[in-house]
Amino acid sequence: MRRAGVFVLLGTLAHGSLAASKSLPRGVGPEFSAFYESKATFKCIGNPSIALKSSQINDNSCDCPDGSDEPGTAACAHLDPLSPEQPLLGSPTGTTNTTRALPGFWCANDGHIGSYIPFMYVDDGVCDYELCCDGSDESAHAGGVVCENRCGSIGKEWRRLEEERRQSVERSVKRRQTLVKEARELRRKVEVKITSLKGELESLEAKKEELEKKFEEVQRSERGKVVKGEGRGGKLGVLAGLAKTRVSELRDTLDKVLDQRDDLQDRVEQLEGILTKFREDYNPNFNDEGVKAAVKSWEDYAASATGDKKSELADADIMEVLKEDGESSGINWAEFEEEGASDAAVVYHLEAYLPGFVRDYIHTKINVLRVWLIENGVLADNPDSDGESRLVIAAREALETAKNDISSKTTALEEQKGDLQKDYGPDDIFRAFKGKCVSTDVGEYEYELCWVDKTTQKSKKGHGNTNMGNFVRIDRELADEEERADGKGLGKGQRIVLRYDNGQGCWNGPSRRTHVWLACAETDEVWRVSESEKCVYKMEVGTPAACEAVQEPGVRAKDEL
């Protein structure tokens, strides 16, 4: 069966003109019937100055320069605006390269849809049922091929397929409506998120201002506290540090003296033991004046030492003095170093029992006094971090936390605003496709389309994945393709095209990019993937999102001659 483009009229137009077509010459379409109604003469449609006898119509002789006298034969098939130029006297161009007045041979196709077929197919001995199902293009002369009328069965099958197509389109449109609702809800959530983030930022800005004030107040308040460290701060702080250092030095010296005393006492005991043994072993009959004098001196020393008491109480007192300072012994330095124990601590406690306006007044005056005392060196001003109190540190951390929250919320707000301004196609429909992917197997590869994200080529042999492009924008482009029998084709008309650029670079070539052409379908499905040029891919995809521009069922546009 030959394949060729044909003009198609609506079935209703063909059926409504059936009675008129029976009285018209063979091959005349309903819209040209007025030119052939006269029984006497016929004027060429494109050249009305040329008049012919009615018997010259369809006489298998091309008498009109535009071929209008042969609507039902192939006598004027050689006329074509694209044909090689051949001399033809009387034609507008003087050659066969001219436009015919008629689009082709009209097949009424009763029971189906009337259509025009090329004149070259008329009486060529082939039954072109796909184009002329009633067989009227043949058997017009003796000995010609007789083609049966198959329009009943062909029309029935076509109407069945058309009904399936219509129902499929209805389901696709409903699916698209659902997707549009999802996209609108997602957009509404983004708008709500933006409103929420704006409110949070306003609250955080107010909180930050409040924390900045509190931080400044705490810093100012803490400036008046006496320095805890040794040798730092105002006069009172310096005095406290010196006293603590001096007491520590005296305690260490006393401890060393006690150690020396114990060593000397041990030596004295050793000497006393030696002398006691010497006295006991001494021979009084030995006439040595020096020895006698030594023994006499030892006896006098021993007699005087018997009355001396070693007071254990004295040692206990010394040990008490040597104890570390703390709450239970010595000086409790923590009382001088306790955080929060500022020069105005007592007054602060007193403020809690005063009316608000009185408390604020006293607090202000105390701060003024504290600053004056600091400036005059009476109180400490310790700006370094080592001397910061927990209050100052906590206030600073709270302020930094608020600033970090503002920064993160601001970033999130900008991202949401950018997403809201992003082009997601007609009715924002591709917003409903975010995070979704669809794929197909083609030979040794699997091709994956991730909506408004990227396209990927995946090797089935474990050679990794190749980025074929990242989503950049949505375009519209005119498709001009033959309609496919399975309906999985782009057809003709404006189509949505998703552009994916800046993919992985080809070896010794440019970066990959993919043009994703969309056509109407019930479900998301990748139909075909081709490489139109090096590293440039064309992906044909069916999706309900592309059903906006689809034609209504029953109106099927086919190629022209």
Given C64, which partner from the list D69, N47, L102 fulfils the side chain to side chain contact (heavy atoms under 4.5 Å, CB included) test? D69

Candidate pair K460 and D441, rule salt bridge (Lys or Arg N to Asp or Glu O under 4.0 Å), full reasoning: CA-CA 9 Å; K460 295 180 181 178; D441 291 340; 3.7 Å; yes

Ring pair (Phe, Tyr, Trp, His ring centres under 6.0 Å) between F42 and Y36, intermediate numbers included: CA-CA 7 Å; F42 172 76; Y36 298 89; 4.8 Å; yes

Is it true that a side-chain atom of Y116 and a backbone atom of G27 form a donor plus acceptor pair closer than 3.5 Å? no

What's the spacing between L449 CG and F433 CZ if we round to 0.5 Å? 9.5 Å

Should T411 and E414 be marked as a side chain to side chain donor-acceptor pair (under 3.5 Å) after you check the CA-CA gap, both sets of side-chain angles, and the distance that decides it? CA-CA 5 Å; T411 301; E414 293 303 320; over 6 Å; no

Does the side chain of R431 come within less than 4.5 Å of D428's, by heavy atoms? yes

CA sep, side-chain torsions, deciding dist, call: R175, D524, salt bridge (Lys or Arg N to Asp or Glu O under 4.0 Å): CA-CA 11 Å; R175 172 59 181 155; D524 300 329; 5.5 Å; no

Stepwise side-chain contact (heavy atoms from CB on, under 4.5 Å) check, T456 with M468: CA-CA 5 Å; T456 308; M468 298 166 55; 5.7 Å; no

Between E531 (side chain) and C535 (backbone), is there a donor-acceptor pair under 3.5 Å? yes

Working note: E210 + K207, criterion salt bridge (Lys or Arg N to Asp or Glu O under 4.0 Å); need CA distance, chi angles, decisive distance, verdict. CA-CA 5 Å; E210 181 181 353; K207 182 179 179 181; over 6 Å; no

Can a salt bridge be assigned to the pair K213 and E209 using a cut-off of 4.0 Å between side-chain N and carboxylate O? no

Checking E522 against S172 for the side chain to side chain donor-acceptor pair (under 3.5 Å) test, could you report, in this order, the C-alpha distance in whole Å, the side-chain angles of both residues, the deciding distance, and whether it holds? CA-CA 4 Å; E522 286 188 55; S172 300; 5.3 Å; no

Can you tell me if T401 uses its side chain to pair, donor with acceptor, with the backbone of E397 under 3.5 Å? yes

Would you call E525-K488 a salt bridge at under 4.0 Å N-O? yes

Show the numbers, then the answer: is there a side chain to side chain donor-acceptor pair (under 3.5 Å) between T178 and E182? CA-CA 6 Å; T178 301; E182 291 179 10; over 6 Å; no

I'd like to know if the side chain of E70 pairs up with that of T73 as donor and acceptor (distance under 3.5 Å, no hydrogens or angles considered). yes

Taking D123 first and then R26, would you say they form a salt bridge - that is, a charged N and a carboxylate O separated by under 4.0 Å? yes

Side chain N467, main chain G469, donor-acceptor under 3.5 Å: yes

Looking at E157 and R160, does any basic side-chain N land under 4.0 Å from a carboxylate oxygen? yes

What one should report as the nearest heavy-atom pair of L179 and A545 is CD1-N, 4.4 Å

Side chains of R513 and N502: does their closest heavy-atom pair fall under 4.5 Å? no

Do D427 and R176 meet the salt-bridge criterion of a basic N to acidic O distance under 4.0 Å? yes

Chi angles and distances behind the salt bridge (Lys or Arg N to Asp or Glu O under 4.0 Å) call for K181, E185: CA-CA 6 Å; K181 290 180 181 179; E185 178 61 20; over 6 Å; no

Mind listing the closest non-hydrogen atom pair of R476 and P426 along with its distance? NH2-CG, 4.1 Å

Charged N-O contact under 4.0 Å between D480 and R495: no

Please determine whether the number of non-hydrogen atoms from other residues, nucleotides or ligands lying under 6.0 Å from atom NZ of K538 exceeds 12. yes

Grab the two heavy atoms, one from N58 and one from P71, that are nearest each other, plus how far apart they are. OD1-CD, 3.0 Å

Are the aromatic ring centres of F105 and F119 under 6.0 angstrom apart? no

Can you name the closest pair of heavy atoms from C44 and P65 and give their distance? SG-CD, 4.3 Å

If the plane angle is over 60° it's perpendicular, under 30° parallel, otherwise tilted; pick one for W451 and F430. parallel

Do E163 and R166 have side chains that approach each other closer than 4.5 Å (heavy atoms only, starting at C-beta)? yes

Determine the minimum heavy-atom distance between W527 and G489, stating which atoms define it. CZ3-N, 3.4 Å

Nearest-0.5 Å distance, OG of residue S203 to CD of residue E205: 10.0 Å

Is a donor on one side and an acceptor on the other found under 3.5 Å between the side chain of S407 and the backbone of K403? no

If you define the side chain from C-beta out and look only at heavy atoms, does anything of E540 sit under 4.5 Å from L490? yes

First locate atom CD of E448, then atom OG1 of T440, and finally report the distance between them rounded to the nearest 0.5 Å. 11.5 Å

Test R165 against L161 for side-chain contact (heavy atoms from CB on, under 4.5 Å), laying out the working first. CA-CA 6 Å; R165 176 181 177 275; L161 295 175; over 6 Å; no

Given the rule in the side-chain contact (heavy atoms from CB on, under 4.5 Å) test, do E415 and K193 qualify, once you have shown the distances and angles that lead to the verdict? CA-CA 11 Å; E415 291 176 353; K193 183 65 175 178; over 6 Å; no

Check: E164 main-chain N/O paired with S168 side-chain donor or acceptor under 3.5 Å: no

Atom of R159, atom of G111 and distance for their closest heavy-atom approach: NH1-O, 2.7 Å

Quick check for you: to the nearest 0.5 Å, what is the distance between C151 atom SG and D134 atom CG? 4.5 Å

Would you call D501-R499 a salt bridge at under 4.0 Å N-O? no

Between T455 and C450, is a side-chain contact (heavy atoms from CB on, under 4.5 Å) present by the stated rule, with each step listed? CA-CA 6 Å; T455 54; C450 290; over 6 Å; no

Decide yes or no for E138 and V146: does some side-chain heavy atom of the first lie under 4.5 Å from some side-chain heavy atom of the second? no

If only atom types and distance count, is the side chain of D66 paired as donor or acceptor with the main-chain N or O of A101 below 3.5 Å? no

Are the side chain of Y537 and the backbone N or O of V516 linked by a donor-acceptor pair below 3.5 Å? no

Using a 3.5 Å distance criterion without hydrogens, assess whether the side chain of D128 forms a donor-acceptor pair with backbone atoms of C132. no

Check: L131 and D137 side chains under 4.5 Å, non-hydrogen atoms: no

Hey, are the side chains of K461 and E444 touching, using non-hydrogen atoms and a 4.5 Å cut-off? yes

Enclosure of K422 NZ (heavy-atom neighbours >12, cutoff 6.0 Å): yes

Side-chain touch Y445/K458, heavy atoms, less than 4.5 angstrom: no

Output, in order, the C-alpha distance, side-chain angles, deciding distance and verdict of disulfide (SG to SG under 2.5 Å) for C133 and C107. CA-CA 8 Å; C133 63; C107 295; over 6 Å; no

